[in-house]
Chemist: 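Quick one: the structure is below, and I'll ask about it shortly.
Computed from a prediction, not measured in an experiment: that's the story for all the values here.
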Protein chains: 2
Amino acid sequence: MTLPKRVTITDVAEAAGVAASTVSRALSTPGRVNATTRDHILEVAERLGYVPNPSARAMSSGRTHTFALLVPDITNPYFAGAIKGAERAAAAAGKTLVLGDTQESPSVERELVQRLGPAVDGLVIAAARGTDEDLAAAAGRHRLALVNRTLPGVAGVPSVVADYDAGTRQIVDHLVSLGHESLVFLAGPHESWSGARRWAGLLAAAESSGVAARRLGPYQPTLQGGPAAADAALAARATAIVCHNDMLAIGVLRRLAGRGVRVPDDVSVVGFDDMFGADFCQPALTTLAERTEDAGACAIDLLLRPGSAATVVVPTQLKVRDSTGPCR
Amino acid sequence: MTLPKRVTITDVAEAAGVAASTVSRALSTPGRVNATTRDHILEVAERLGYVPNPSARAMSSGRTHTFALLVPDITNPYFAGAIKGAERAAAAAGKTLVLGDTQESPSVERELVQRLGPAVDGLVIAAARGTDEDLAAAAGRHRLALVNRTLPGVAGVPSVVADYDAGTRQIVDHLVSLGHESLVFLAGPHESWSGARRWAGLLAAAESSGVAARRLGPYQPTLQGGPAAADAALAARATAIVCHNDMLAIGVLRRLAGRGVRVPDDVSVVGFDDMFGADFCQPALTTLAERTEDAGACAIDLLLRPGSAATVVVPTQLKVRDSTGPCR
DNA sequence: TTGAAAGCGCTAACAG
DNA sequence: CTGTTAGCGCTTTCAA
């Protein structure tokens with residue numbers, strides 16, 4: 001099966017009886033072309049089925065009209081929102097989005113930055129796993145925006161972060177209103193930037209409310225991390241358990257059920273992320289929702305409009321469901 | 001913040017004291033270059049941090065080393081596997097994967113094919129929503145591979161499909177062994193190719209086993225579709241409900257629980273997909289698992305090796321969990 | 001084995 | 001407002 005040869009701008013120019021550059025202008029800066037000739041050109045282009053060659057366009061203009069989004073694990077539903085938001089923002093701006101899976105690995109992340117960087121107008125790294133140095137190096141070579149990570153000391157790297165301070169405040173207030181006087185935080189990996197922010201926020205909010213907060217872990221932030229984490233929380237006689245993320249929280253829920261501990265009667269459980277499934281697990285999970293789709297879209301917007309090298313804070317929202325209740 | 005100018009092949013050539021074409025050869029066809037000069041060139045390229053410009057490469061070679069994957073909804077966990085598999089297969093081959101979200105819309109799908117097609121070496125469309133004509137047109141212009149869809153009558157379009165015949169057979173056998181003598185299929189959208197295949201397989205298997213099968217619907221294949229679907233199944237006095245997919249099945253489960261119908265004591269429920277969450281919903285869902293990651297990877301492989309215009313069948317596997325039990 | 005040279009398709013000065 | 005003319009960075013003949 002042979003594919004038909006592509007229609008080029010020259011074909012259109014010939015067919016329309018104008019110069020190639022005029023066709024180019026008619027397409028990219030319609031204002032600078034006589035309305036009649038423009039309409040004619042567009043009509044001819046349409047008829048011939050002309051589609052500009054992105055590579056050629058990139059060659060001469062220097063812009064690829066493409067962005068890359070790097071996530072630690074594509075299959076993790078937590079990132080689905082950011083991916084969708086980024087894809088939508090990119091598509092809305094007529095841009096293409098390239099997706100990269102860093103497999104939770106700093107080195108794969110570095111490689112991808114190097115491989116994809118030259119092919120795109122900018123990179124979004126969500127939940128970057130690399131060191132500050134890695135990211136600074138990347139920022140030196142490419143336009144970069146971060147999601148749920150900041151790069152202190154390096155100017156010009158915009159980022160979008162969830163409002164964990166307000167969010168953890170909400171969690172603590174919620175638990176306090178239920179009569180809880182202490183909480184246990186089941187931590188995820190030490191390297192996790194958002195994990196650190198979550199714990200810091202929780203600790204600050206707890207202190208200001210006179211709630212005792214303890215951190216246990218680190219645990220695997222997965223279903224498999226649940227048993228060890230749940231057992232530790234139980235051993236610590238926790239009445240309220242706040243988990244690094246929903247995956248771990250659901251794992252904890254299962255373990256508690258397996259051990260005959262009732263949620264929320266015996267113990268309350270809170271997660272982070274409001275991940276897909278958090279509403280239909282048993283019991284439905286109280287969790288801090290991040291607007292990940294907005295975050296993804298916002299990161300692309302930051303790339304689209306350079307100069308706005310700000311840190312954008314996206315609000316979070318506590319979803320109260322069935323896994324939290326009055327302190328026993 | 002200004003980004004440093006990229007190192008080009010000419011820079012490397014000058015620094016190494018050779019012609020640009022020699023550098024090009026040293027990089028892409030190392031065999032055709034004197035070992036000593038080649039090593040020298042590679043060393044210089046490395047030192048200068050040279051990374052080939054993909055657009056320029058695409059311009060002259062015609063190949064972009066990029067594939068596109070189109071899915072109906074990026075946030076649907078069902079597609080996460082295919083995305084990951086495709087990304088991995090592409091990365092393993094040194095290719096780049098572009099992701100497109102067709103928003104479940106045939107027209108967006110068409111647009112994306114047109115927009116992305118020229119920029120890539122091939123397209124994978126998963127669960128294509130377009131008509132056969134749309135797909136035939138796409139196949140005429142681009143290298144194409146399909147996942148869970150076939151294109152009868154159009155040669156040269158390879159596809160990867162789940163083995164629904166064997167899978168539905170497994171479902172029916174499972175229900176029969178539990179004493180069920182009839183089943184109700186809660187259908188998804190009529191346009192769904194896989195929905196049609198699922199029902200056809202179910203019907204054939206049921207007939208050959210002397211099981212009565214009825215189809216109700218169509219229902220929204222989402223949690224929201226659950227109530228209407230569950231109520232209809234109840235009205236039909238079903239003892240075994242097979243749902244178009246896990247989303248719908250979980251929606252059905254929730255509705256049944258809400259109405260006080262016990263699963264699996266009063267009625268058995270089966271889903272399709274073994275989606276993320278199917279194991280931690282309540283009760284854990286018996287469902288037909290597809291190896292979506294393999295399917296995604298396989299589709300990319302089909303694109304990588306033209307000529308193998310086959311239909312690849314990926315096995316399915318029934319995961320028996322807690323939502324199915326003996327007929328009441 | 002290597003270099004010179006001709007483009008790939010498009011955009012961006014620069015004239016006219 | 002439009003045509004001419006250079007390239008963008010790379011691959012690929014074609015000679016040497």
Side-chain angles (χ1 to χ4, degrees), chain A residues 3-42 44-45 48-66 94 96 115 117-121 141, chain B residues 3-42 44-45 48-66 94 96 115 117-121 141:
Chain A
L3 300 175
K5 221 170 105 275
R6 295 274 312 282
V7 178
T8 74
I9 202 171
T10 324
D11 299 331
V12 177
E14 272 181 18
V18 296
S21 52
T22 309
V23 177
S24 174
R25 275 187 292 259
L27 262 38
S28 40
T29 49
R32 298 193 189 174
V33 173
N34 177 294
T36 323
T37 34
R38 182 188 58 214
D39 290 346
H40 178 223
I41 290 171
L42 294 181
V44 171
L48 263 46
Y50 169 70
V51 184
N53 179 324
S55 305
R57 180 172 275 190
M59 281 254 40
S60 45
S61 69
R63 273 156 290 114
T64 61
H65 300 277
T66 301
T96 300
R115 214 165 61 75
V120 302
D121 292 340
R141 287 183 228 298
Chain B
L3 301 175
K5 218 168 110 278
R6 295 273 312 283
V7 177
T8 74
I9 201 171
T10 323
D11 300 331
V12 177
E14 272 181 19
V18 297
S21 50
T22 307
V23 176
S24 174
R25 275 187 292 260
L27 262 37
S28 40
T29 49
R32 296 194 190 174
V33 171
N34 177 296
T36 323
T37 34
R38 181 188 59 214
D39 291 346
H40 177 224
I41 290 171
L42 294 182
V44 171
L48 263 46
Y50 169 71
V51 185
N53 179 323
S55 306
R57 180 172 274 190
M59 282 252 39
S60 44
S61 70
R63 274 156 290 112
T64 62
H65 300 278
T66 300
T96 300
R115 214 164 63 73
V120 302
D121 292 341
R141 287 182 228 297

Chemist: Is it true that a side-chain atom of A:T66 and a backbone atom of A:V120 form a donor plus acceptor pair closer than 3.5 Å?
Modeler: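 Answer holds: no.
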Chemist: Rounded to whole Å, please give me the gap between CG in A:N53 and P in C:dC10.
Modeler: 6 Å
Chemist: Can you tell me if the side-chain N/O atoms of B:R57 get under 4.0 Å from OP1 or OP2 in D:dT11?
Modeler: yes
Chemist: Of the non-hydrogen atoms in B:R115 and A:G94, which two are nearest, and what is the gap between them?
Modeler: NH1-O, 3.4 Å
Chemist: Looking at the base of C:dA12, is there any donor atom on it, or on the side chain of A:S24, that sits under 3.5 Å from an acceptor on the other one?
Modeler: no
Chemist: Verify the contact: side-chain N or O of A:S60 to OP1 or OP2 of C:dA12, cut-off strictly under 4.0 Å; return yes or no.
Modeler: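 False: A:S60 side-chain N/O out of range (4.0 Å or more) of C:dA12 OP1/OP2.
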Chemist: side-chain contact (heavy atoms from CB on, under 4.5 Å), that's the test. Do A:V12 and A:V18 meet it? Break it down for me.
Modeler: CA-CA 8 Å; A:V12 177; A:V18 296; over 6 Å; no
Chemist: Indicate the atoms forming the closest heavy-atom contact of B:A26 with B:L42, along with that distance.
Modeler: O-CD2, 4.2 Å
Chemist: Looking for any heavy atom pair under 4.0 Å, which part of the strands does A:T37 touch: base, sugar-phosphate only, or nothing?
Modeler: sugar-phosphate
Chemist: Check whether the side chain of B:S21 and the base of C:dT2 form a donor-acceptor pair under 3.5 Å.
Modeler: no
Chemist: Please report the shortest heavy-atom distance between A:T8 and A:Y50, naming the atom on each side.
Modeler: C-CE1, 3.6 Å
Chemist: Of all the heavy-atom pairs spanning A:I41 and A:A16, show the shortest one and how long it is.
Modeler: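 What the structure gives for the nearest pair is CG1-CB, 4.3 Å.
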Chemist: With nearest nucleotide decided by heavy atoms, which residue, A:G31 or B:R25, maps closer to the 5′ end of DNA chain D?
Modeler: A:G31
Chemist: May I ask you to verify if any side-chain N or O of A:R63 is less than 4.0 angstrom from the OP1 or OP2 atom of C:dA12?
Modeler: yes
Chemist: Find the distance A:L27:CG to D:dT2:C1' and express it as a whole number of Å.
Modeler: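 So the two atoms are 16 Å apart, to the nearest Å.
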Chemist: Compare every heavy atom of B:A119 with every heavy atom of A:P54, then report the nearest pair and how far apart it is.
Modeler: CG-CB, 3.5 Å
Chemist: Please state how far atom OH in A:Y50 lies from atom P in C:dG9, giving the value in whole angstrom units.
Modeler: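 For the pair A:Y50 OH and C:dG9 P, the rounded distance is 10 Å.
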Chemist: Can you work out whether B:T22 or B:M59 has the more 5'-proximal nearest nucleotide on DNA chain C?
Modeler: B:T22
Chemist: Could you say whether B:A56 or B:R32 is positioned toward the 5' end of DNA chain D, judged by the nucleotide with the nearest heavy atom to each?
Modeler: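 By nearest-heavy-atom nucleotide position, the 5'-most residue is B:A56.
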Chemist: Check the distance between C:dG3's C1' and B:N34's CG and give it to me in whole angstrom.
Modeler: 15 Å
Chemist: Tell me, which of residues 7-18 of chain B have any heavy atom that sits under 4.0 Å from an atom in DNA chain D?
Modeler: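 Contacting residues: B:T8, B:I9.
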